[in-house]
Amino acid sequence: NTDKKPVKLKDWKAEDFASIYTRFRPHLERHARRYLTNPSQIDEVVQDAFLYLMVSLPELDSEIGVLKFMKWKVKNQSPLI
């Protein structure tokens, strides 16, 4: 999203999700390493968080909100692995 107006997740296009995935994945992997040590578990937790984001489309209207949501989801899923 290059404009300054917030866009709800339900209005995002595939390119928006791809951009978030590319930019936020390394950060979320580092965040997951706080709770997990196995690389495949880290990958699984991060992938699940992105899948949940795309399926549930929570009411988030900023990239910072998306990042906070994703970090929360990674943290909450980590003990389940």
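Computation of the quantities below employed the complete heavy-atom set of this structure, encompassing side-chain atoms and omitting hydrogens, waters and symmetry-equivalent molecules.
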(message) Test side chain to side chain contact (heavy atoms under 4.5 Å, CB included) on Gln47 and Tyr21; report intermediate values, then the result.
(response) CA-CA 10 Å; Gln47 289 287 358; Tyr21 183 85; 3.1 Å; yes
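- Between Val66 and Trp12, some side-chain heavy-atom pair lies under the 4.5 Å cut-off.
- Leu51 and Met70 fall into different hydrophobic clusters, defined by Ile, Leu, Val, Met, Phe, Trp and Tyr side-chain heavy atoms under 4.5 Å apart, directly or through other members.
- With sequence neighbours excluded, the residues that form a salt bridge (charged side-chain N to carboxylate O under 4.0 Å, His left out) with Glu59 are Lys8.
- In terms of modelled atom types and a separation under 3.5 Å, the side chain of Ser19 and the main chain of Glu15 share no donor-acceptor contact.
- Rounded to the nearest 0.5 Å, atoms CD (Gln77) and CG (Asp48) are 4.5 Å apart.
- For the ring-ring contact (aromatic ring centres under 6.0 Å, His included) test, no residue two or more places apart in sequence or in another chain qualifies with Phe24.
- Applying the side chain to side chain contact (heavy atoms under 4.5 Å, CB included) rule to Glu29 yields the partners Arg25, Arg33, Ile42, Val46; only residues at least two apart in sequence or on another chain are considered.
- Counting only distance, with no hydrogens or angles, the side chain of Asp16 and the backbone of Lys13 share a donor-acceptor pair below 3.5 Å.
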(message) Using side chain to side chain contact (heavy atoms under 4.5 Å, CB included), reason through Glu63 and Arg23 one step at a time and then give a plain yes or no.
(response) CA-CA 11 Å; Glu63 288 191 357; Arg23 291 183 295 126; 2.7 Å; yes
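- The CD1 atom of Ile20 sits 11.5 Å away from the CE atom of Met54 when rounded to the nearest 0.5 Å.
- Considering only residues two or more places apart in sequence or on other chains, Lys71 meets the side chain to side chain contact (heavy atoms under 4.5 Å, CB included) condition with His27, Leu28, His31, Leu67.
- Under the rule for a side chain to side chain donor-acceptor pair (under 3.5 Å), the partners of Ser40 that lie at least two apart in sequence or sit in another chain are Asn38.
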